[in-house]
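Position 1 is the first residue of the sequence, and the numbers go up from there.
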Amino acid sequence: MKKNLIINMETKQLLALLLAANVRAQQYGGYGNPYVSGSGSGSSGSSSSGSSSSGSSSSDSSSSSGNFNGNFQAGASFDVNEAMRVRAIHGILAAVAMAVLFPGGSILMRIIPGRFAIWAHGLAQIAALSIFIAGVALGLQLVRIVRIPNGNGDMWSDPSVNYHPIIGIVVFVCLLIQPILGFIHHAKFKELQRRQIWSYLHLFNGRIFITLGIANGGLGLWMAGASKKTKTAYVAVAAVMWALWMLSAVWGEWRRWKVNRIGYPRNRNKFVYDGDVAF
């Protein structure tokens with residue numbers, strides 16, 4: 001009898017711990033994010049409450065705060081609909097720029113023959129940077145709008161979510177100087193017909209921080225609790241574009257090495273662009 005009583009008490013304690021953990025997880029969302037919740041969070045209060053009265057009050061709070069589509073918490077102290085709209089546009093613009101246009105513009109430099117490669121590369125990267133600037137501006141607006149519940153302030157002050165905007169700002173600043181480095185690189189190369197420090201700064205600044213930006217886009221989708229299809233699509237497109245970009249870079253370096261080793265072909269124009277001959 002005494003043994004059964006002890007087992008029942010231990011079982012009740014275990015259930016209480018599991019219930020508390022479930023409430024905590026639903027309060028902070030499926031990904032440990034204090035302002036994003038998993039699907040069905042609008043009814044999480046009623047499903048996790050210990051009594052019918054608390055479940056009812058949670059449902060009332062959810063309905064009075066609007067339908068958040070399983071994204072932002074019910075009862076949030078900011079305009080949830082505006083935040084979701086800004087977040088969606090921010091994600092689309094940043095993803096297109098980082099995962100498609102930046103790598104694609106670099107690939108054009110290697111696959112388009114002659115002097116047209118420079119213009120195609122430059123115009124594509126300017127378009128990518130313009131779209132990325134718009135995405136960053138919306139991201140900063142989202143940070144301004146969102147307020148973390150439970151007195152944690154805004155996104156900058158919460159270490160569980162501030163990594164995404166911080167990385168984004170670092171990538172933005174480094175890519176903002178990329179056109180300047182590129183202009184100096186091409187001007188010096190045209191004059192001296194060899195790479196200078198500006199050339200390597202332009203090459204590796206782009207390769208490092210575009211790659212970091214692609215990875216940060218994935219972190220943003222994870223932080224926002226995006227659907228599996230969305231995350232899979234982003235990873236697939238980004239991985240393919242990044243792989244093609246790296247392959248084109250290796251191919252371009254091989255062409256450059258070949259030209260430097262065997263010299264220019266006879267009866268060919270010796271116009272040089274970024275270390276490659278216009279064959």
Side-chain angles (χ1 to χ4, degrees), residues 25-42 44 67-74 76 78-104 128-149 152 154-175 207-246:
Q26 290 179 349
Q27 179 184 7
Y28 285 93
Y31 299 94
N33 186 336
Y35 73 96
V36 177
S37 60
S39 61
S41 65
S44 62
N67 181 14
F68 302 152
N69 299 322
N71 288 291
F72 288 101
Q73 276 192 324
F78 55 90
D79 190 335
V80 173
N81 291 328
E82 180 186 4
M84 290 178 64
R85 179 180 59 83
V86 171
R87 187 181 66 182
I89 301 174
H90 158 74
I92 292 170
L93 293 180
V96 169
M98 296 305 310
V100 179
L101 295 182
F102 276 125
L129 185 59
S130 300
I131 293 174
F132 185 56
I133 290 173
V136 170
L138 289 172
L140 293 175
Q141 183 181 356
L142 182 63
V143 171
R144 181 185 60 81
I145 294 172
V146 172
R147 287 294 176 266
I148 308 298
N152 290 331
D154 57 18
M155 291 177 63
W156 295 116
S157 61
D158 195 312
S160 67
V161 295
N162 64 6
Y163 54 85
H164 178 69
I166 290 174
I167 295 173
I169 291 296
V170 172
V171 170
F172 170 70
V173 171
C174 292
L175 292 184
R207 290 170 184 173
I208 291 171
F209 289 101
I210 290 173
T211 301
L212 182 60
I214 292 172
N216 195 40
L219 291 175
L221 291 175
W222 176 82
M223 189 181 78
S227 67
K228 184 177 181 180
K229 287 185 179 180
T230 301
K231 289 184 284 190
T232 301
Y234 177 83
V235 170
V237 172
V240 169
M241 291 300 298
W242 188 88
L244 291 175
W245 175 30
M246 291 297 106

Look only at the side chain of Thr230 and the backbone of Ala226, and say whether a donor-acceptor pair between them is shorter than 3.5 Å.
no

The test is side-chain contact (heavy atoms from CB on, under 4.5 Å); show your working for Trp245 and Thr211 and say whether it passes.
CA-CA 10 Å; Trp245 175 30; Thr211 301; 3.9 Å; yes

Dump the intermediate steps for side-chain contact (heavy atoms from CB on, under 4.5 Å) on Phe132 and Leu93, then the final yes or no.
CA-CA 6 Å; Phe132 185 56; Leu93 293 180; over 6 Å; no

For the residue pair Tyr163 and Trp222, categorise the inter-ring angle as parallel (less than 30°), tilted (30 to 60°) or perpendicular (more than 60°).
tilted

Nearest heavy atoms of Tyr234 and Ala95, plus distance in Å:
CE1-CB, 3.8 Å

Identify the two heavy atoms, one from Val143 and one from Pro165, that lie closest to each other, and give their separation to 0.1 Å.
CG2-CB, 4.1 Å

With a 4.5 Å limit on heavy-atom distance, are the side chains of Phe209 and Val170 in contact?
yes

Should Leu175 and Met98 count as side-chain neighbours, where that means a heavy-atom distance under 4.5 Å?
yes

Looking only at heavy atoms, what is the nearest atom pair of Val171 and Gly213, with distance?
CG2-N, 3.9 Å

Any non-hydrogen side-chain atom of Leu219 less than 4.5 Å from a side-chain atom of Met223?
no

CG/Asn162 to CD1/Ile169 distance, rounded to the nearest 0.5 angstrom?
12.0 Å

Does any non-hydrogen side-chain atom of Pro103 lie less than 4.5 Å from one of Ile214?
yes

Can you check whether Leu129 reaches Leu101 side chain to side chain, under 4.5 Å on heavy atoms?
no

Any side-chain heavy-atom pair from Gln141 and Arg87 closer than 4.5 angstrom?
no

Check: Asn216 side chain, Ile167 main-chain N or O, donor-acceptor pair, under 3.5 Å:
no

How long is the span from the CG atom in Leu138 to the CZ atom in Arg85, to the nearest 0.5 Å?
8.5 Å

side-chain contact (heavy atoms from CB on, under 4.5 Å) between Val86 and Ile145: does it pass, once the steps are laid out?
CA-CA 9 Å; Val86 171; Ile145 294 172; 4.2 Å; yes

Nearest-0.5 Å distance that lies between atom CE in Met241 and atom CD1 in Ile210
10.5 Å

